[in-house]
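Every chain is numbered from 1 and lettered A, B, ... according to where its sequence line falls, protein lines coming before strand lines.
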2 protein chains.
Amino acid sequence: MTYSISDLAKQFDISTRTIRYYEERGLIEPKRSASGQRIYSKKDRTRLQLILRGKRFNFSLEEIEEMITLFDEDRSGRKQLEKTIRYGDQKIQELTTQIEEMQALKEELEELHADFKERLQDIEAKK
Amino acid sequence: MTYSISDLAKQFDISTRTIRYYEERGLIEPKRSASGQRIYSKKDRTRLQLILRGKRFNFSLEEIEEMITLFDEDRSGRKQLEKTIRYGDQKIQELTTQIEEMQALKEELEELHADFKERLQDIEAKK
DNA sequence: CGTAACCTTTACGTTAACGTAAACTATTAC
DNA sequence: GTAATAGTTTACGTTAACGTAAAGGTTACG
């Protein structure tokens, strides 16, 4: 099964320009038909999905590119494996920190929220 | 205690341009000396810190502006209170979703990480 | 077979969030 | 008092991640 560019655009609710832009950046390389139209395979679709997921986590295209090529390269050699592991370690660390910070922020917001609700109830009670 | 613009720039490791830009956007309004130099109070410092925290959570300056003015306005009226509560509710929801997604991503990364480590150990074992 | 809907490339436009430079004034250090 | 350092405004430059438009080929349909 293959897809046209607008098929994917609709599926992921993004513009065709965006998809072409990712190609400009070297993140996807779909096959071409005889006339030159882009043909996306299941694999290409998955790749696009991966990119979009990265975006949702606020990774820049540069970072996404980095991650993709890293995991795409030949992972058989020991050196490559070690590099991948180190990279993954770092990303996990970053994520952990960010999650903790967001959790803290959320708790603060919840306190504020409770505060405001209390104030509102005070007002309601005085009616 | 007051601060000059470069005092704050050093404290938070940002440029003076950045601080002036926040002022352009109306996010801070420091006092001025007779000669026109910016004088930042403790309150201004706190405000700046707030902005930077927002940035760390990937909020845009527009969102930060929104939040600040919302919490700055008169919160005494019932309508205002309700608005604030609704806004907070929404932000908490957004945060919750994002945290969950990041948590999921982290777990995936950890699995991958374990995978690669195993492979590396296989190689080491064969030596 | 015409035409609407879709595809292509090329290229200039846009927005956020600053960076950088110029031209000038104020403060601080000796 | 004179450098050096720091501050001010004005204004143009920059980067990422697309948006938009033009000018033209392609495919699908009635």
K.L.:
How long is the line joining CG of B:Asp13 and P of C:dG19, in whole Å?
P.N.:
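Atom-to-atom, B:Asp13 to C:dG19, this comes out as 11 Å.
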
K.L.:
Output yes when at least one side-chain N/O atom of A:Tyr22 is less than 4.0 Å from OP1 or OP2 of D:dC18, else no.
P.N.:
yes

K.L.:
Which heavy-atom pair separates A:Arg32 from A:Ile39 by the least distance, and what is that distance?
P.N.:
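Of all heavy-atom pairs spanning A:Arg32 and A:Ile39, the closest is C-CD1, 4.0 Å.
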
K.L.:
Is there a path of hydrophobic side-chain contacts, each under 4.5 Å between heavy atoms of I, L, V, M, F, W or Y residues, that connects A:Ile28 with A:Leu50?
P.N.:
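Cluster IDs for A:Ile28 and A:Leu50 differ.
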
K.L.:
Are A:Arg38 and C:dT9 close enough that a side-chain N or O sits under 4.0 Å from OP1 or OP2?
P.N.:
yes

K.L.:
Measure the distance from CD1 on B:Ile14 to C1' on C:dA17 and round it to the nearest whole Å.
P.N.:
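In whole Å, C:dA17 C1' lies 12 Å from B:Ile14 CD1.
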
K.L.:
Could you give the CD1-to-C1' distance, from B:Ile19 to C:dA17, as a whole number of Å?
P.N.:
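Result: 14 Å.
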
K.L.:
Taking for each residue the nucleotide of DNA chain D bearing the nearest heavy atom, is the 5' side occupied by B:Arg20 or by A:Arg25?
P.N.:
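Its nearest nucleotide being more 5', the pick is B:Arg20.
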
K.L.:
State yes or no: are the ring centers of B:Phe116 and A:Phe71 separated by less than 6.0 Å?
P.N.:
yes

K.L.:
Which whole-number value in Å describes the distance from A:Arg17 CZ to D:dA21 C1'?
P.N.:
12 Å

K.L.:
Please pick, from D:dA17, C:dA16, C:dT8, the nucleotide with the shortest atom-to-atom distance to any side-chain atom of A:Arg32.
P.N.:
C:dT8

K.L.:
Measure CD/B:Glu63 against C1'/C:dA17 and give the value in whole Å, please.
P.N.:
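Rounding to the nearest Å, CD of B:Glu63 and C1' of C:dA17 are 15 Å apart.
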
K.L.:
Both A:Ser33 and A:Thr16 contact DNA chain D. Taking the nearest nucleotide for each, which residue is further toward the 5' end?
P.N.:
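Whichever sits nearer the 5' end wins; that is A:Thr16.
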
K.L.:
When you get a sec, tell me which of D:dA17, C:dG19, D:dT26 is the closest nucleotide to the side chain of A:Ser35?
P.N.:
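Nearest to the side-chain atoms of A:Ser35, counting from C-beta on, is D:dT26.
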
K.L.:
Starting from C1' on C:dT28, measure out to CD on B:Gln37 and report it in whole angstrom.
P.N.:
11 Å

K.L.:
Please report the distance, rounded to the nearest Å, between OH in A:Tyr40 and C1' in C:dC7.
P.N.:
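It works out to 11 Å between those atoms.
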
K.L.:
With the side chain of B:Ser6 defined as its heavy atoms from C-beta on, choose the nearest nucleotide among D:dG7, C:dC6, D:dC18.
P.N.:
D:dG7

K.L.:
Could you tell me whether a side-chain N or O of A:Asp122 sits under 3.5 Å from a main-chain N or O of A:Arg119, the two making a donor and an acceptor?
P.N.:
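No, because the side chain of A:Asp122 does not come within donor-acceptor range (under 3.5 Å) of the backbone of A:Arg119.
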
K.L.:
Under a plain distance cut-off of 3.5 Å, with no hydrogens placed, do A:Lys31 and A:Tyr40 share a side-chain donor-acceptor pair?
P.N.:
no

K.L.:
What is the distance, rounded to the nearest whole Å, between atom CG of B:Leu61 and atom P of C:dA16?
P.N.:
10 Å

